[in-house]
Trainee: 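What follows is a single structure, and I will ask about it in a moment.
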Amino acid sequence: MIKLTSLSKHFGDTVVLDRIDLTIEKGEIVVIIGPSGTGKSTLLRCINFLEQPTAGTLTVGDLTVDATRASRAEILAMRRRTAFVFQNYALFTNKTALQNIAERLLVVDRWPKDKAHRRAGEILAQIGLTDKADAYPASMSGGQQQRVGIGRAMAAGAEVILFDEPTSSLDPEWVEEVLGLMKQLAAERQTMLVVTHEMSFARDVADRVIFIDGGRIVEQGPPGEIFSHPRDPRTRDFLKKILASNAV
Amino acid sequence: MDVLNVDYMLGLVPVLLRYLPLTLQLAGAGMLFALVLACLFAVVRVLRIPVLNQLTIVFISFFRGTPLLVQLFLFYYGLPQLFSALTVIDGITATVMGLTLHFSAYMAESIRAAIVGVDRSQTEAALSIGMTNSQLMRRIVLPQATRVALPTLMNYFIDMIKATSLAFTLGVTELMGATQKEAAGSFLYFEAFIVAAIIYWIVVELLSKLQNHLETRLNKAYNR
(Lines give C-alpha, C1' and ligand atoms only; values in the text may rest on other atoms or scores of the structure.)
Protein backbone atom coordinates (compact mmCIF):
# COMPACT_ATOMS: atom_id res chain seq x y z
CA MET A 1 0.00 0.00 0.00
CA ILE A 2 1.15 3.53 -0.82
CA LYS A 3 -0.12 6.46 1.18
CA LEU A 4 0.70 10.12 0.69
CA THR A 5 -0.49 12.49 3.37
CA SER A 6 -0.54 16.20 2.65
CA LEU A 7 2.52 15.90 0.43
CA SER A 8 3.83 19.21 -0.91
CA LYS A 9 6.72 20.24 -3.10
CA HIS A 10 7.86 23.81 -3.59
CA PHE A 11 10.58 25.00 -5.95
CA GLY A 12 11.46 28.37 -4.40
CA ASP A 13 8.19 30.32 -4.36
CA THR A 14 6.51 28.03 -6.88
CA VAL A 15 4.15 25.45 -5.39
CA VAL A 16 4.35 22.40 -7.64
CA LEU A 17 2.48 19.97 -5.41
CA ASP A 18 -0.07 21.33 -2.97
CA ARG A 19 -0.91 19.03 -0.04
CA ILE A 20 -1.63 15.87 -2.03
CA ASP A 21 -3.50 13.06 -0.24
CA LEU A 22 -3.48 9.76 -2.06
CA THR A 23 -3.82 6.09 -1.16
CA ILE A 24 -3.04 3.28 -3.58
CA GLU A 25 -3.97 -0.29 -2.66
CA LYS A 26 -1.73 -3.24 -3.39
CA GLY A 27 -2.33 -4.46 -6.93
CA GLU A 28 -4.08 -1.27 -7.98
CA ILE A 29 -3.30 0.37 -11.34
CA VAL A 30 -3.61 4.13 -11.10
CA VAL A 31 -3.16 6.49 -14.04
CA ILE A 32 -2.46 10.19 -13.54
CA ILE A 33 -3.49 12.59 -16.27
CA GLY A 34 -3.38 16.34 -16.51
CA PRO A 35 -1.91 19.28 -18.40
CA SER A 36 1.89 19.65 -18.75
CA GLY A 37 3.74 21.32 -15.91
CA THR A 38 1.10 20.59 -13.28
CA GLY A 39 3.24 18.41 -11.05
CA LYS A 40 2.48 14.90 -12.33
CA SER A 41 6.13 13.94 -12.84
CA THR A 42 7.16 15.73 -9.65
CA LEU A 43 4.65 13.64 -7.71
CA LEU A 44 6.24 10.44 -9.01
CA ARG A 45 9.75 11.76 -8.37
CA CYS A 46 8.82 12.66 -4.79
CA ILE A 47 7.61 9.10 -4.10
CA ASN A 48 11.00 7.80 -5.32
CA PHE A 49 12.79 10.66 -3.48
CA LEU A 50 14.46 11.81 -6.69
CA GLU A 51 12.97 15.06 -5.40
CA GLN A 52 12.74 15.65 -1.69
CA PRO A 53 9.17 16.66 -0.79
CA THR A 54 8.89 19.97 1.05
CA ALA A 55 6.27 18.69 3.50
CA GLY A 56 4.03 15.75 4.24
CA THR A 57 4.46 12.07 4.98
CA LEU A 58 4.94 9.12 2.69
CA THR A 59 4.13 5.48 3.44
CA VAL A 60 5.23 2.62 1.25
CA GLY A 61 4.47 -0.84 2.65
CA ASP A 62 5.52 -0.83 6.29
CA LEU A 63 7.80 2.21 6.01
CA THR A 64 6.55 5.69 6.84
CA VAL A 65 8.78 8.70 6.33
CA ASP A 66 8.28 12.31 7.30
CA ALA A 67 9.46 14.09 4.16
CA THR A 68 10.96 17.06 5.96
CA ARG A 69 13.03 14.92 8.30
CA ALA A 70 13.96 11.97 6.08
CA SER A 71 17.40 10.62 6.91
CA ARG A 72 19.77 9.29 4.26
CA ALA A 73 18.98 5.73 5.36
CA GLU A 74 15.23 6.37 5.09
CA ILE A 75 15.62 7.87 1.63
CA LEU A 76 17.62 4.83 0.48
CA ALA A 77 15.06 2.49 2.01
CA MET A 78 12.21 4.36 0.30
CA ARG A 79 13.97 4.24 -3.06
CA ARG A 80 14.51 0.52 -2.68
CA ARG A 81 10.77 -0.05 -2.19
CA THR A 82 9.78 1.92 -5.27
CA ALA A 83 10.95 1.51 -8.86
CA PHE A 84 11.02 4.14 -11.56
CA VAL A 85 10.59 3.95 -15.33
CA PHE A 86 11.94 7.05 -17.05
CA GLN A 87 10.59 8.87 -20.07
CA ASN A 88 14.00 8.69 -21.81
CA TYR A 89 14.70 5.08 -20.59
CA ALA A 90 17.92 6.19 -18.77
CA LEU A 91 19.57 2.81 -19.23
CA PHE A 92 23.17 2.44 -18.08
CA THR A 93 24.95 2.80 -21.41
CA ASN A 94 28.07 0.94 -20.19
CA LYS A 95 26.04 -2.17 -19.39
CA THR A 96 24.23 -4.80 -21.44
CA ALA A 97 20.48 -5.41 -21.25
CA LEU A 98 21.08 -8.29 -18.84
CA GLN A 99 23.48 -6.24 -16.69
CA ASN A 100 21.06 -3.31 -16.58
CA ILE A 101 18.41 -5.57 -15.07
CA ALA A 102 20.82 -7.46 -12.78
CA GLU A 103 22.56 -4.31 -11.48
CA ARG A 104 20.13 -3.63 -8.68
CA LEU A 105 20.15 -7.28 -7.53
CA LEU A 106 23.95 -7.37 -7.52
CA VAL A 107 24.72 -4.03 -5.97
CA VAL A 108 21.75 -3.12 -3.80
CA ASP A 109 20.46 -6.56 -2.79
CA ARG A 110 23.97 -8.10 -2.89
CA TRP A 111 22.88 -11.29 -4.59
CA PRO A 112 25.62 -13.61 -5.86
CA LYS A 113 26.33 -13.03 -9.54
CA ASP A 114 24.94 -16.28 -10.95
CA LYS A 115 21.67 -15.91 -9.01
CA ALA A 116 21.27 -12.28 -10.12
CA HIS A 117 21.97 -13.16 -13.74
CA ARG A 118 19.54 -16.08 -13.63
CA ARG A 119 16.80 -13.79 -12.30
CA ALA A 120 17.67 -11.11 -14.89
CA GLY A 121 17.43 -13.81 -17.57
CA GLU A 122 13.93 -14.71 -16.39
CA ILE A 123 12.90 -11.07 -16.58
CA LEU A 124 14.37 -10.76 -20.08
CA ALA A 125 12.17 -13.70 -21.09
CA GLN A 126 9.10 -11.99 -19.60
CA ILE A 127 9.79 -8.80 -21.54
CA GLY A 128 10.53 -10.80 -24.68
CA LEU A 129 14.17 -9.77 -25.09
CA THR A 130 16.08 -12.96 -24.35
CA ASP A 131 17.96 -12.56 -27.64
CA LYS A 132 19.15 -9.08 -26.57
CA ALA A 133 20.74 -10.20 -23.28
CA ASP A 134 24.25 -9.20 -24.36
CA ALA A 135 23.24 -6.16 -26.42
CA TYR A 136 24.19 -2.67 -25.24
CA PRO A 137 21.57 0.11 -25.18
CA ALA A 138 23.23 1.88 -28.13
CA SER A 139 22.35 -1.03 -30.39
CA MET A 140 18.70 -1.34 -29.32
CA SER A 141 15.56 0.39 -30.61
CA GLY A 142 13.73 2.86 -28.40
CA GLY A 143 11.01 0.30 -27.73
CA GLN A 144 13.53 -2.34 -26.72
CA GLN A 145 15.36 0.12 -24.49
CA GLN A 146 12.17 1.10 -22.70
CA ARG A 147 11.25 -2.55 -22.21
CA VAL A 148 14.65 -3.08 -20.57
CA GLY A 149 13.93 0.04 -18.50
CA ILE A 150 10.72 -1.64 -17.31
CA GLY A 151 12.64 -4.90 -16.76
CA ARG A 152 15.09 -3.04 -14.55
CA ALA A 153 12.14 -1.73 -12.51
CA MET A 154 10.65 -5.23 -12.30
CA ALA A 155 13.91 -6.62 -10.90
CA ALA A 156 13.56 -4.37 -7.89
CA GLY A 157 10.61 -6.42 -6.62
CA ALA A 158 9.25 -3.04 -5.56
CA GLU A 159 5.94 -2.34 -3.86
CA VAL A 160 5.08 -0.02 -6.72
CA ILE A 161 6.46 0.78 -10.16
CA LEU A 162 6.28 4.46 -11.06
CA PHE A 163 6.00 5.14 -14.81
CA ASP A 164 6.88 8.69 -15.87
CA GLU A 165 5.46 9.16 -19.37
CA PRO A 166 7.05 5.88 -20.51
CA THR A 167 5.99 6.19 -24.15
CA SER A 168 6.40 9.95 -24.69
CA SER A 169 9.93 9.73 -26.14
CA LEU A 170 9.17 6.76 -28.36
CA ASP A 171 8.69 6.76 -32.09
CA PRO A 172 5.04 5.81 -32.75
CA GLU A 173 6.05 2.39 -34.09
CA TRP A 174 7.43 1.36 -30.66
CA VAL A 175 4.58 2.62 -28.46
CA GLU A 176 2.43 -0.50 -28.73
CA GLU A 177 5.09 -2.96 -27.58
CA VAL A 178 5.77 -0.89 -24.46
CA LEU A 179 2.09 -0.45 -23.66
CA GLY A 180 1.65 -4.18 -24.26
CA LEU A 181 4.28 -4.97 -21.66
CA MET A 182 2.64 -2.58 -19.20
CA LYS A 183 -0.71 -4.30 -19.77
CA GLN A 184 0.97 -7.63 -19.10
CA LEU A 185 2.26 -6.29 -15.76
CA ALA A 186 -1.19 -4.89 -14.96
CA ALA A 187 -2.74 -8.29 -15.62
CA GLU A 188 -0.31 -9.73 -13.06
CA ARG A 189 -1.62 -7.12 -10.59
CA GLN A 190 1.70 -5.33 -10.18
CA THR A 191 0.92 -2.10 -8.32
CA MET A 192 1.48 0.70 -10.82
CA LEU A 193 1.29 4.48 -10.79
CA VAL A 194 1.45 5.76 -14.35
CA VAL A 195 1.74 9.28 -15.70
CA THR A 196 0.78 9.16 -19.36
CA HIS A 197 -0.99 10.90 -22.21
CA GLU A 198 -2.11 7.56 -23.65
CA MET A 199 -5.82 7.89 -22.91
CA SER A 200 -6.67 4.49 -24.40
CA PHE A 201 -4.29 2.85 -21.90
CA ALA A 202 -5.94 4.77 -19.07
CA ARG A 203 -9.40 3.75 -20.22
CA ASP A 204 -8.58 0.07 -20.81
CA VAL A 205 -6.16 -0.73 -17.99
CA ALA A 206 -6.54 1.67 -15.08
CA ASP A 207 -8.57 0.86 -11.99
CA ARG A 208 -8.62 4.53 -11.19
CA VAL A 209 -7.81 7.72 -13.10
CA ILE A 210 -6.63 10.84 -11.30
CA PHE A 211 -6.78 14.27 -12.91
CA ILE A 212 -4.20 16.70 -11.55
CA ASP A 213 -4.05 20.41 -12.26
CA GLY A 214 -2.18 23.18 -10.47
CA GLY A 215 -0.47 20.74 -8.11
CA ARG A 216 -3.80 19.43 -6.73
CA ILE A 217 -5.96 16.39 -7.35
CA VAL A 218 -8.98 17.88 -9.07
CA GLU A 219 -10.97 14.73 -9.68
CA GLN A 220 -10.56 10.97 -9.49
CA GLY A 221 -12.56 7.84 -10.17
CA PRO A 222 -12.91 4.78 -12.34
CA PRO A 223 -11.93 5.50 -15.98
CA GLY A 224 -15.48 5.04 -17.25
CA GLU A 225 -16.71 7.75 -14.91
CA ILE A 226 -13.85 10.19 -15.57
CA PHE A 227 -13.96 9.85 -19.33
CA SER A 228 -17.75 9.74 -19.73
CA HIS A 229 -18.92 12.07 -16.99
CA PRO A 230 -16.14 14.40 -15.86
CA ARG A 231 -17.55 16.67 -13.17
CA ASP A 232 -14.99 19.48 -13.05
CA PRO A 233 -14.85 21.91 -15.99
CA ARG A 234 -11.01 21.69 -15.98
CA THR A 235 -11.19 17.92 -16.46
CA ARG A 236 -13.74 18.33 -19.26
CA ASP A 237 -11.61 20.96 -20.92
CA PHE A 238 -8.43 18.85 -20.71
CA LEU A 239 -10.11 15.69 -21.97
CA LYS A 240 -11.70 17.52 -24.90
CA LYS A 241 -8.29 18.82 -25.98
CA ILE A 242 -6.34 15.62 -25.49
CA LEU A 243 -8.93 13.33 -27.02
CA ALA A 244 -9.11 15.59 -30.05
CA SER A 245 -5.31 15.43 -30.48
CA ASN A 246 -5.24 11.65 -29.84
CA ALA A 247 -7.83 11.12 -32.57
CA VAL A 248 -5.74 12.92 -35.19
CA MET B 1 78.79 17.91 -44.64
CA ASP B 2 80.43 14.94 -42.97
CA VAL B 3 78.88 11.52 -43.46
CA LEU B 4 76.87 10.21 -40.48
CA ASN B 5 78.83 7.85 -38.24
CA VAL B 6 76.37 4.93 -38.44
CA ASP B 7 78.59 2.52 -36.49
CA TYR B 8 78.69 4.98 -33.58
CA MET B 9 74.91 5.33 -33.71
CA LEU B 10 74.33 1.57 -33.66
CA GLY B 11 76.78 1.16 -30.79
CA LEU B 12 75.02 3.93 -28.86
CA VAL B 13 71.59 2.26 -28.94
CA PRO B 14 72.28 -0.38 -26.24
CA VAL B 15 74.16 2.20 -24.14
CA LEU B 16 71.23 4.62 -24.15
CA LEU B 17 68.62 1.89 -23.71
CA ARG B 18 70.12 1.20 -20.28
CA TYR B 19 68.73 4.58 -19.19
CA LEU B 20 65.27 4.07 -20.67
CA PRO B 21 63.94 2.24 -17.56
CA LEU B 22 64.67 5.30 -15.40
CA THR B 23 62.87 7.54 -17.90
CA LEU B 24 59.85 5.22 -17.86
CA GLN B 25 59.92 4.97 -14.06
CA LEU B 26 59.91 8.77 -13.73
CA ALA B 27 56.95 9.01 -16.09
CA GLY B 28 55.17 6.00 -14.57
CA ALA B 29 55.47 7.28 -11.01
CA GLY B 30 54.54 10.80 -12.10
CA MET B 31 51.47 9.51 -13.95
CA LEU B 32 50.31 7.34 -11.06
CA PHE B 33 50.53 10.12 -8.47
CA ALA B 34 49.14 12.69 -10.89
CA LEU B 35 46.10 10.50 -11.62
CA VAL B 36 45.30 10.06 -7.93
CA LEU B 37 45.72 13.77 -7.26
CA ALA B 38 43.76 14.75 -10.38
CA CYS B 39 40.83 12.49 -9.38
CA LEU B 40 40.75 14.12 -5.94
CA PHE B 41 40.84 17.61 -7.48
CA ALA B 42 38.12 16.64 -9.95
CA VAL B 43 35.82 15.35 -7.22
CA VAL B 44 36.44 18.49 -5.14
CA ARG B 45 35.56 20.61 -8.17
CA VAL B 46 32.49 18.58 -9.19
CA LEU B 47 31.05 18.55 -5.65
CA ARG B 48 32.17 22.17 -5.10
CA ILE B 49 33.46 21.35 -1.62
CA PRO B 50 33.87 24.73 0.13
CA VAL B 51 37.41 26.03 0.76
CA LEU B 52 39.00 22.99 -0.94
CA ASN B 53 37.33 24.03 -4.19
CA GLN B 54 38.88 27.51 -4.05
CA LEU B 55 42.30 26.12 -3.07
CA THR B 56 42.13 23.66 -5.96
CA ILE B 57 41.28 26.42 -8.41
CA VAL B 58 44.33 28.44 -7.29
CA PHE B 59 46.55 25.35 -7.38
CA ILE B 60 45.45 24.41 -10.90
CA SER B 61 45.86 27.98 -12.06
CA PHE B 62 49.47 28.15 -10.75
CA PHE B 63 50.65 24.79 -12.07
CA ARG B 64 49.06 25.32 -15.47
CA GLY B 65 50.21 28.90 -15.65
CA THR B 66 53.94 28.43 -15.08
CA PRO B 67 56.55 26.45 -17.05
CA LEU B 68 57.43 22.97 -15.83
CA LEU B 69 61.14 23.83 -15.90
CA VAL B 70 60.54 26.77 -13.55
CA GLN B 71 58.59 24.48 -11.20
CA LEU B 72 61.37 21.86 -11.24
CA PHE B 73 64.02 24.47 -10.39
CA LEU B 74 61.75 25.81 -7.68
CA PHE B 75 61.49 22.38 -6.04
CA TYR B 76 65.11 21.34 -6.52
CA TYR B 77 67.03 24.55 -5.95
CA GLY B 78 64.46 26.83 -4.31
CA LEU B 79 62.76 24.84 -1.56
CA PRO B 80 65.96 23.61 0.19
CA GLN B 81 67.03 27.25 0.48
CA LEU B 82 63.89 28.07 2.48
CA PHE B 83 63.65 24.82 4.44
CA SER B 84 67.02 23.23 5.15
CA ALA B 85 65.31 19.89 5.89
CA LEU B 86 64.44 19.71 2.21
CA THR B 87 68.07 19.49 1.06
CA VAL B 88 67.47 15.72 1.12
CA ILE B 89 65.32 16.10 -2.00
CA ASP B 90 67.32 14.57 -4.84
CA GLY B 91 66.84 15.19 -8.55
CA ILE B 92 64.66 12.14 -9.06
CA THR B 93 62.26 13.05 -6.23
CA ALA B 94 62.07 16.65 -7.40
CA THR B 95 61.31 15.49 -10.95
CA VAL B 96 58.51 13.16 -9.86
CA MET B 97 57.10 15.94 -7.65
CA GLY B 98 57.21 18.42 -10.48
CA LEU B 99 55.66 16.08 -13.04
CA THR B 100 52.94 15.02 -10.57
CA LEU B 101 51.86 18.52 -9.61
CA HIS B 102 52.18 19.98 -13.09
CA PHE B 103 50.28 17.27 -14.92
CA SER B 104 47.66 16.72 -12.19
CA ALA B 105 46.56 20.30 -12.77
CA TYR B 106 45.87 19.58 -16.44
CA MET B 107 44.40 16.15 -15.87
CA ALA B 108 42.02 17.35 -13.13
CA GLU B 109 40.22 19.50 -15.65
CA SER B 110 39.75 16.75 -18.22
CA ILE B 111 38.59 14.27 -15.56
CA ARG B 112 36.16 16.84 -14.21
CA ALA B 113 34.75 17.46 -17.68
CA ALA B 114 34.36 13.72 -18.26
CA ILE B 115 32.49 13.21 -14.98
CA VAL B 116 30.18 16.15 -15.64
CA GLY B 117 29.57 14.80 -19.15
CA VAL B 118 27.99 11.55 -17.95
CA ASP B 119 24.28 11.63 -18.75
CA ARG B 120 22.43 13.04 -15.73
CA SER B 121 19.45 10.71 -16.22
CA GLN B 122 21.67 7.66 -15.63
CA THR B 123 22.63 9.14 -12.26
CA GLU B 124 18.93 9.43 -11.42
CA ALA B 125 18.31 5.88 -12.63
CA ALA B 126 21.08 4.58 -10.36
CA LEU B 127 19.69 6.50 -7.39
CA SER B 128 16.14 5.35 -8.19
CA ILE B 129 17.11 1.69 -7.74
CA GLY B 130 18.63 2.55 -4.37
CA MET B 131 22.35 2.82 -5.09
CA THR B 132 24.46 4.84 -2.69
CA ASN B 133 26.53 7.74 -4.02
CA SER B 134 29.74 5.73 -3.96
CA GLN B 135 28.13 2.78 -5.78
CA LEU B 136 26.82 5.22 -8.36
CA MET B 137 30.31 6.68 -8.84
CA ARG B 138 32.10 3.33 -8.98
CA ARG B 139 29.71 1.41 -11.21
CA ILE B 140 28.10 3.97 -13.49
CA VAL B 141 29.83 7.36 -13.58
CA LEU B 142 33.56 6.55 -13.40
CA PRO B 143 33.52 3.71 -15.99
CA GLN B 144 31.84 6.04 -18.46
CA ALA B 145 34.01 9.02 -17.56
CA THR B 146 37.14 6.90 -18.02
CA ARG B 147 36.18 6.19 -21.59
CA VAL B 148 35.69 9.88 -22.32
CA ALA B 149 38.87 10.97 -20.53
CA LEU B 150 41.15 8.22 -21.82
CA PRO B 151 42.37 9.88 -25.04
CA THR B 152 43.32 13.12 -23.26
CA LEU B 153 44.89 11.29 -20.33
CA MET B 154 47.02 9.22 -22.70
CA ASN B 155 48.07 12.42 -24.41
CA TYR B 156 49.24 13.80 -21.09
CA PHE B 157 51.12 10.58 -20.38
CA ILE B 158 52.91 10.86 -23.71
CA ASP B 159 53.69 14.48 -22.95
CA MET B 160 54.97 13.44 -19.53
CA ILE B 161 57.36 10.85 -20.96
CA LYS B 162 58.94 13.55 -23.08
CA ALA B 163 58.92 16.00 -20.18
CA THR B 164 61.10 13.61 -18.11
CA SER B 165 63.97 14.80 -20.33
CA LEU B 166 63.97 18.01 -18.28
CA ALA B 167 65.25 15.95 -15.34
CA PHE B 168 68.76 16.15 -16.83
CA THR B 169 68.82 19.81 -15.79
CA LEU B 170 68.58 18.57 -12.18
CA GLY B 171 71.56 16.26 -12.72
CA VAL B 172 69.50 13.09 -13.21
CA THR B 173 71.07 10.73 -15.75
CA GLU B 174 67.98 9.45 -17.55
CA LEU B 175 67.77 8.99 -21.31
CA MET B 176 68.38 12.65 -22.13
CA GLY B 177 71.10 13.09 -19.50
CA ALA B 178 72.93 10.00 -20.74
CA THR B 179 72.73 11.19 -24.33
CA GLN B 180 74.11 14.57 -23.34
CA LYS B 181 77.10 12.91 -21.67
CA GLU B 182 77.78 10.59 -24.59
CA ALA B 183 77.58 13.44 -27.07
CA ALA B 184 79.91 15.61 -25.03
CA GLY B 185 82.47 12.80 -25.01
CA SER B 186 82.32 11.94 -28.71
CA PHE B 187 81.47 15.36 -30.17
CA LEU B 188 79.02 13.47 -32.42
CA TYR B 189 76.05 15.56 -31.34
CA PHE B 190 73.78 14.88 -34.28
CA GLU B 191 74.24 11.12 -34.11
CA ALA B 192 73.68 10.99 -30.34
CA PHE B 193 70.56 13.14 -30.24
CA ILE B 194 68.95 11.54 -33.29
CA VAL B 195 69.31 8.14 -31.60
CA ALA B 196 67.70 9.55 -28.43
CA ALA B 197 64.91 11.11 -30.48
CA ILE B 198 64.18 7.82 -32.23
CA ILE B 199 64.03 5.95 -28.90
CA TYR B 200 61.51 8.47 -27.51
CA TRP B 201 59.55 8.26 -30.76
CA ILE B 202 59.30 4.47 -30.67
CA VAL B 203 58.19 4.45 -27.03
CA VAL B 204 55.46 7.00 -27.79
CA GLU B 205 54.33 5.04 -30.85
CA LEU B 206 54.01 1.87 -28.78
CA LEU B 207 51.89 3.80 -26.30
CA SER B 208 49.65 5.09 -29.08
CA LYS B 209 49.07 1.50 -30.13
CA LEU B 210 48.11 0.64 -26.56
CA GLN B 211 45.78 3.63 -26.51
CA ASN B 212 44.01 2.49 -29.69
CA HIS B 213 43.60 -0.96 -28.23
CA LEU B 214 42.13 0.40 -24.98
CA GLU B 215 39.78 2.76 -26.81
CA THR B 216 38.43 -0.05 -28.96
CA ARG B 217 37.73 -2.08 -25.85
CA LEU B 218 36.05 0.76 -23.98
CA ASN B 219 33.97 1.71 -27.03
CA LYS B 220 32.56 -1.77 -27.41
CA ALA B 221 29.32 -0.75 -25.68
CA TYR B 222 28.78 2.20 -27.99
CA ASN B 223 28.97 0.59 -31.43
CA ARG B 224 25.67 0.26 -33.18
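The chains referred to below are lettered A, B, ... by the order of the sequence lines, with proteins before strands, and numbering in each begins at 1.
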Trainee: Is a donor from one side chain sitting under 3.5 angstrom from an acceptor on the other, for A:Gln87 and A:Asp164?
Mentor: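 Per modelled atom types, A:Gln87 and A:Asp164 side chains form no pair under 3.5 Å.
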Trainee: Select all residues of residues 98-120 of chain B having any heavy atom within less than 4.5 Å of some heavy atom of chain A, and report them by number, or 'none'.
Mentor: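 Listed by number, there are no contacting residues, so the answer is none.
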Trainee: When you check the gap from the basic side-chain N to the acidic O, do A:Lys95 and A:Glu103 get nearer than 4.0 Å?
Mentor: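 A salt bridge links A:Lys95 with A:Glu103.
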Trainee: Tell me yes or no: between the side chains of B:Gln144 and B:Gln122, is some donor less than 3.5 Å from an acceptor?
Mentor: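 Result is yes, a qualifying pair exists.
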Trainee: Which atom pair, heavy atoms only, marks the closest approach of A:Ala155 to A:Ile101?
Mentor: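 Closest approach of A:Ala155 to A:Ile101: CB-O, 3.4 Å.
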Trainee: A:Thr96 versus chain B, heavy atoms under 4.5 Å apart: side chain, backbone, both or neither?
Mentor: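 Interface part for A:Thr96: neither.
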Trainee: For A:Phe92, which atoms come within 4.5 Å of any heavy atom of chain B: side chain, backbone, both, or neither?
Mentor: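 Contact with chain B: backbone and side chain both.
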Trainee: Do side-chain atoms of B:Thr66 reach the backbone of B:Phe62 as a donor and acceptor pair under 3.5 angstrom?
Mentor: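 Indeed, once roles are kept as given, a pair shorter than 3.5 Å links the two residues.
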Trainee: Return the minimal non-hydrogen interatomic distance between B:Tyr76 and B:Asp90, and the atom names on each side.
Mentor: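 In terms of heavy atoms, the two residues are closest at CE1-C, 3.7 Å.
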Trainee: May I ask you to check whether B:Phe73 and B:Phe75 place their ring centers less than 6.0 Å from one another?
Mentor: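 No, too far apart.
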Trainee: Give the interface residues of residues 46-64 of chain A toward chain B, defined by a heavy-atom separation under 4.5 Å.
Mentor: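 Residues A:Asn48, A:Leu50 are the ones that qualify, each having a heavy atom under 4.5 Å from chain B.
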Trainee: Could you check whether B:Thr152 and B:Asn155, counting side-chain N and O atoms only, form a donor-acceptor pair closer than 3.5 Å?
Mentor: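 Not at all, the side chains of B:Asn155 and B:Thr152 share no donor-acceptor pair under 3.5 Å.
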Trainee: Report the C-alpha separation of A:Ile24 and A:Leu193 in whole Å, then their side-chain angles, then the decisive distance to 0.1 Å, and conclude whether the side-chain contact (heavy atoms from CB on, under 4.5 Å) test is met.
Mentor: CA-CA 9 Å; A:Ile24 300 170; A:Leu193 183 56; 3.8 Å; yes
Trainee: On a heavy-atom basis, which atom in B:Phe193 and which in B:Gln180 lie closest, and how many Å separate them?
Mentor: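 The pair with the smallest heavy-atom distance is CZ-OE1, 3.6 Å.
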Trainee: Check for me whether B:Arg147 meets the cation-pi criterion with B:Tyr222, that is, NZ or CZ under 6.0 Å from the six-membered ring centre and within 45 degrees of the ring axis.
Mentor: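 Yes.
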Trainee: Around atom CZ of B:Phe33, are there more than 12 heavy atoms of other residues, nucleotides or ligands at under 6.0 Å?
Mentor: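 No, CZ of B:Phe33 has 12 or fewer neighbouring heavy atoms, counting only those of other groups under 6.0 Å.
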Trainee: Under 3.5 Å, is there a donor-acceptor pair linking the side chains of A:Ser41 and A:Glu165?
Mentor: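 Side-chain D/A pair, A:Ser41 to A:Glu165: absent.
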Trainee: For a 4.5 angstrom cut-off between non-hydrogen side-chain atoms, does B:Met154 reach B:Leu150?
Mentor: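 SC-SC contact between B:Met154 and B:Leu150 confirmed.
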Trainee: Is any residue of residues 124-140 of chain B within less than 4.5 Å of chain A by heavy atoms, and which ones?
Mentor: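 Listed by number, the contacting residues are B:Glu124, B:Ala125, B:Ala126, B:Leu127, B:Ser128, B:Ile129, B:Gly130, B:Met131, B:Thr132, B:Asn133, B:Gln135, B:Arg139, B:Ile140.
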Trainee: Given that the side chain runs from C-beta out, which part of A:Arg81 has a heavy atom under 4.5 Å from chain B: side chain, backbone, both or neither?
Mentor: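 Neither the backbone nor the side chain of A:Arg81 comes within 4.5 Å of chain B.
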Trainee: Test your reading of the model: is there a side-chain donor-acceptor pair from B:Glu174 to the backbone of B:Gly177, 3.5 Å cut-off?
Mentor: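 The answer is yes, because a donor-acceptor pair under 3.5 Å joins these two groups.
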Trainee: Is there a donor-acceptor pair closer than 3.5 Å between any side-chain N or O of A:Lys132 and the backbone N or O of A:Gln144?
Mentor: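 Not a single qualifying donor-acceptor pair exists.
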Trainee: Give me the contact list for residues 202-211 of chain B versus chain A, heavy atoms only, anything under 4.5 Å, ordered by residue number.
Mentor: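 Interface residues of residues 202-211 of chain B: none, nothing closer than 4.5 Å to chain A.
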Trainee: Determine the option with the most heavy-atom pairs under 4.5 angstrom with chain B, choosing from A:Thr93, A:Asn88, A:Leu91, A:Leu76.
Mentor: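 Among A:Thr93, A:Asn88, A:Leu91, A:Leu76, the one with the most close pairs to chain B is A:Thr93.
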Trainee: Do other residues, nucleotides or ligands put more than 12 heavy atoms under 6.0 Å from B:Lys220 NZ?
Mentor: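 Result for NZ/B:Lys220: open.
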Trainee: Pick out which of A:Leu43, A:Leu4, A:Ile212 makes a side chain to side chain contact (heavy atoms under 4.5 Å, CB included) with A:Leu17.
Mentor: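 In the set A:Leu43, A:Leu4, A:Ile212, the residue that makes a side chain to side chain contact (heavy atoms under 4.5 Å, CB included) with A:Leu17 is A:Leu43.
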